[in-house]
Amino acid sequence: MSDSNAQDSIAGSVEHPEKTSDALAPLRVPAEVIEAFGPDLTERVASYAAALEAHRFSVGEPRPVEHPLVEAIVAAGGMDATEIIPAPTPAEAVPAPVVETLPLQAPAPPSEITKLRLVEVLGAAGKLREAHALLKLEAPVADLTDTELLLRERWLAAQRLDLLSPEVAPLLQAIGIEPASLIP
């Protein structure tokens, strides 16, 4: 984008003066617009004001033309009658909202494994049928004691098992597997 195009696009951010009683309000120009014109803006304003003054006494000469911002500054009374609006300061960072989190679960004890992993170990050792027999998985509910039924239901419902628990350790020992040997 050329300098003149950049200057044309930013000139639209100038607040033109409004008549308040007999005096004009100052022309308000954002600091970034002034900076975009560079250090020659004051010189351009002075040159344009002088050219307009000289044109007052000319006959048949076209009126001098300058960038609309320069013309607006001269019309407002020059750089002294122009209010430069400082660049806004960046807003302070808004602290992130406090989000309540669920408490972290304690890590599983090292003696805990998935039931799937235990079934695979039992199957590889040829002990899966023995485990099923001890759990009485095929027995009708009416034939089970409350303790046997509870053990079977816990086995069926579990996704993870603690190898050293009072329910699992005796079962594994009964089929000839030492629970501690399965702990990684």
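The distance from the CZ atom of R129 to the CD1 atom of I175 is 13.5 Å, given to the nearest 0.5 Å. We find the CD1-CZ distance between I85 and R28 to be 4.0 Å, quoted to the nearest 0.5 Å. Distance check: E32 CD to E35 CD gives 7.0 Å after rounding to the nearest 0.5 Å. Remark: S111 OG to L161 CG distance equals 10.5 Å, nearest 0.5 Å.
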**Message:** Between L134 and W155, does the side-chain contact (heavy atoms from CB on, under 4.5 Å) criterion hold? Intermediate values first, please.
**Reply:** CA-CA 11 Å; L134 284 175; W155 171 265; over 6 Å; no

**Asked** Could you walk me through whether D162 and V168 pass the side-chain contact (heavy atoms from CB on, under 4.5 Å) check?
**Response** CA-CA 7 Å; D162 184 353; V168 178; 6.0 Å; no

**Request:** Step by step, work out the side-chain contact (heavy atoms from CB on, under 4.5 Å) result for L118 and L163.
**Result:** CA-CA 9 Å; L118 181 58; L163 297 172; 4.2 Å; yes

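The closest side-chain heavy-atom distance from L150 to E167 is not below 4.5 Å. Side-chain contact check for L135 versus L156: every heavy-atom pair is 4.5 Å or farther apart. I183 is listed as a side-chain neighbour of L164, based on a closest heavy-atom distance under 4.5 Å. Using a 4.5 Å heavy-atom cutoff, the side chains of L27 and I73 are in contact. Between L122 and I177, some side-chain heavy-atom pair lies under the 4.5 Å cut-off. T82 is not listed as a side-chain neighbour of V45, based on a closest heavy-atom distance of 4.5 Å or more. For the pair T114/Q159, no side-chain contact is recorded, criterion being any heavy-atom separation below 4.5 Å from C-beta on. Looking only at side-chain heavy atoms (C-beta outward), V121 and I113 stay at 4.5 Å or farther from each other.
L137 and L144 fall into different hydrophobic clusters, defined by Ile, Leu, Val, Met, Phe, Trp and Tyr side-chain heavy atoms under 4.5 Å apart, directly or through other members.
The two residues L52 and P64 have their closest heavy-atom pair at CD2-CD, 4.0 Å. Taking all atoms of both residues into account, the shortest heavy-atom contact from S165 to P170 is O-CD, 3.8 Å. Annotation for A76 and A81: closest pair O-CB, 3.2 Å, computed over non-hydrogen atoms. Annotation for A31 and I84: closest pair CA-CG2, 3.7 Å, computed over non-hydrogen atoms.
Listed for the S58 side chain is a donor-acceptor partner under 3.5 Å among the backbone atoms of H55. Counting only distance, with no hydrogens or angles, the side chain of R152 and the backbone of K136 share a donor-acceptor pair below 3.5 Å. For the pair E71 (side chain) and E66 (backbone), a donor-acceptor distance under 3.5 Å is present.
Other residues, nucleotides and ligands place more than 12 heavy atoms under 6.0 Å from the CG atom of D143.
Each salt bridge (Lys or Arg N to Asp or Glu O under 4.0 Å) pair with one or both residues in residues 112-127, not counting sequence neighbours, appears once here: E112-R160, K127-E130.
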